[in-house]
Amino acid sequence: MPRLIEAGDSFDTVFSNEVSNAHVPVQLVRDNKDLDSTRYNTDYVNCRHEYKGKPWHISIRAMAVGEQVLFSWIRAGEGLNVRTRGTPVDAEMLTHFHDLLIKPNVDQIRDIAKSVKNAVGVGLYAHDILPCVQTGQFFLCETNFKFYEGMYRFHMQSIAKDLPTPAYFNGRAAGRRIARALVRELDLQT
């Protein structure tokens, strides 16, 4: 995870957001005197990856059952807040970033899922992962308990067949895959 920054710490740039709120503005802080200790402040992880000459803030959403990562996809935005519903419906761009960031880094993604499982146990998770441009490291941004990410399915439905994760768009098949993984994780097989 990115390092937590507190008043008095030295830093280059801080990513600052509200402690317990979603879909609200975030800010970058570069001076210690501007750091608001009532906000959640971490080292800024630069996730601006370029596509066709334009920078995009990228995050990876990994759906996992325990340490088993079942689906991973790209979320992209022009601003710092990267959300599914703001991700361009552009199969070529999403496939480009999938091939660049997800395919060669499945082990990093799996290690993050395993670390979460080791820390809090088996669960149905949606991990938001930040792929750092400078270091190539992946950082866990947040983890949510989630059975299925319907927003992605509905937002990308028109290009589903062209995406690297077509199995995710069949809710029944995805649900069965999730259920089988849960049975394995909980060692319920007879």
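Start at 1 with the first residue, then count along the sequence. Because only heavy atoms are used, hydrogens play no part in the values below, and waters and symmetry mates are left out as well, while side chains stay in.
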Notebook entry, point to check: Does Phe139 reach the side chain of Cys47, with side-chain heavy atoms less than 4.5 Å apart?
Noted result: no
Margin query: Under a 3.5 Å distance rule, please check whether Arg39 uses its side chain to pair with a backbone N or O of Ser16 as donor and acceptor.
Written below: yes
Note to self: Would the distance check show the side chain of Asp90 and the main-chain N or O of Met93 forming a donor-acceptor pair, the cut-off being under 3.5 Å?
What the structure shows: yes
Next item on the list: Locate the shortest heavy-atom distance separating Phe147 from Gly175; write the atom from each residue and the value.
Entry: CZ-CA, 4.2 Å
Notebook entry, point to check: Are any of the side-chain heavy atoms of Val89 and Ser158 separated by less than 4.5 Å?
Noted result: yes
Margin query: I'd like to check Pro166 versus Lys161 (side-chain heavy atoms, cut-off strictly below 4.5 Å). Are they in contact?
Written below: no
Check: Is the backbone N or O of Gly66 less than 3.5 Å from a side-chain atom of Glu185, with the two atoms forming a donor-acceptor pair by type?
Finding: no
Notebook entry, point to check: With the 4.5 Å side-chain cut-off for hydrophobic clustering, are Val82 and Tyr40 part of the same group?
Noted result: no
Margin query: Taking the side chain as everything from C-beta on, heavy atoms only, tell me whether Leu124 gets closer than 4.5 Å to Phe145.
Written below: no
Check: For Pro2 and Val45, which heavy atoms make the closest approach, and how far apart are they?
Finding: CG-CG2, 3.8 Å
Next item on the list: Quickly, which of Phe71, Tyr125, Tyr168, Phe154 forms a ring pair (Phe, Tyr, Trp, His ring centres under 6.0 Å) with Tyr148? Name it, please.
Entry: Tyr168
Notebook entry, point to check: Between Asn170 and Arg172, is a side chain to side chain donor-acceptor pair (under 3.5 Å) present by the stated rule, with each step listed?
Noted result: CA-CA 6 Å; Asn170 179 331; Arg172 180 174 289 155; over 6 Å; no
Check: With a 3.5 Å cut-off and no angle check, do the side chains of His155 and Thr84 form a donor-acceptor pair?
Finding: no
Margin query: Grouping I, L, V, M, F, W and Y whenever their side-chain heavy atoms are under 4.5 Å apart, do Leu101 and Val133 come out in a common cluster?
Written below: no
Notebook entry, point to check: Applying the side chain to side chain contact (heavy atoms under 4.5 Å, CB included) test to Ile5, which of Leu35, Asn32, Thr13 qualifies?
Noted result: Leu35
Margin query: Working to the nearest 0.5 angstrom, can you tell me the gap between Asn105 CG and Ile60 CD1?
Written below: 7.0 Å
Next item on the list: Identify the two heavy atoms, one from Lys54 and one from Glu78, that lie closest to each other, and give their separation to 0.1 Å.
Entry: NZ-OE2, 2.8 Å
Note to self: For Tyr152 and Thr165, which I'm curious about, is there any donor-acceptor pair between the side chains at under 3.5 Å?
What the structure shows: yes
Margin query: I'd like to know if Arg110 and Asp107 make a salt bridge, using a cut-off of under 4.0 Å between side-chain N and carboxylate O.
Written below: yes
Check: Is Arg61 salt-bridged to Asp128, cutoff N-O under 4.0 Å?
Finding: yes
Notebook entry, point to check: Can you check whether Leu70's main-chain N or O pairs, donor with acceptor, with Arg177's side chain at less than 3.5 Å?
Noted result: yes
Notebook entry, point to check: Should we say atom CZ of Arg3 is surrounded by more than 12 heavy atoms from elsewhere, each under 6.0 Å from it?
Noted result: yes
Next item on the list: Show the numbers, then the answer: is there a side-chain contact (heavy atoms from CB on, under 4.5 Å) between Asn17 and Thr42?
Entry: CA-CA 9 Å; Asn17 64 344; Thr42 64; over 6 Å; no
Next item on the list: Check whether any side-chain N or O of His49 sits under 3.5 Å from a backbone N or O of Pro131 as a donor-acceptor pair, and report yes or no.
Entry: yes
Check: Taking the side chain from Asn144 and the backbone from Lys146, do they hold a donor-acceptor pair closer than 3.5 Å?
Finding: no
Check: Do Val69 and Val120 belong to the same hydrophobic cluster, where Ile, Leu, Val, Met, Phe, Trp and Tyr are linked whenever their side-chain heavy atoms lie under 4.5 Å apart, directly or via other members?
Finding: yes
Item checked: Co-membership, hydrophobic cluster, residues Trp73 and Leu140, 4.5 Å side-chain -> yes
Next item on the list: State plainly whether one hydrophobic cluster holds both Met151 and Ile159, where clusters connect Ile, Leu, Val, Met, Phe, Trp and Tyr through side-chain heavy atoms under 4.5 angstrom apart.
Entry: no
Notebook entry, point to check: Can you name the nearest heavy-atom pair linking Met63 to Ala126, along with the distance?
Noted result: SD-CB, 3.6 Å
Item checked: Point-to-point distance, once rounded to the nearest 0.5 Å, from CG of Leu130 to OG of Ser59 -> 7.0 Å
Item checked: Atom pair CD1/CZ of Ile129 and Arg75 - distance to nearest 0.5 Å -> 10.5 Å
Check: Would you say Asn41 and Glu6 make side-chain contact, with heavy atoms under 4.5 Å?
Finding: no
Margin query: I'd like to know if Glu92 and Lys52 make a salt bridge, using a cut-off of under 4.0 Å between side-chain N and carboxylate O.
Written below: yes
Check: How many angstroms lie between OH in Tyr44 and SG in Cys132, if you round to the nearest 0.5 Å?
Finding: 9.0 Å
Item checked: Separation between CD of Gln27 and CD of Glu18, rounded to the nearest 0.5 Å -> 9.5 Å
Note to self: side-chain contact (heavy atoms from CB on, under 4.5 Å), that's the test. Do Arg176 and Arg180 meet it? Break it down for me.
What the structure shows: CA-CA 6 Å; Arg176 287 181 180 148; Arg180 282 191 302 271; 3.6 Å; yes
Notebook entry, point to check: Within a radius of less than 6.0 Å around CG of Asp12, do more than 12 heavy atoms belonging to other residues, nucleotides or ligands occur?
Noted result: no
Note to self: Between Arg48 and Trp56, is there a side-chain heavy-atom distance shorter than 4.5 Å?
What the structure shows: no
Item checked: Flag if over 12 foreign heavy atoms under 6.0 Å of NZ, Lys114 -> no
Notebook entry, point to check: Can you name the closest pair of heavy atoms from Thr38 and Val19 and give their distance?
Noted result: O-CG2, 3.2 Å
Next item on the list: Find out whether Leu94 and Leu163 are in side-chain contact, i.e. whether some heavy atom of one side chain is under 4.5 Å from a heavy atom of the other.
Entry: yes
Item checked: Heavy-atom closest pair, residues Phe138 and Ile112 -> CB-CD1, 4.0 Å
Next item on the list: Could you tell me the separation between the CE atom of Met156 and the CD1 atom of Ile74, rounded to the nearest 0.5 Å?
Entry: 10.5 Å
Next item on the list: State, yes or no, whether a side-chain contact exists between Asp43 and Phe15 at a heavy-atom distance under 4.5 Å.
Entry: no
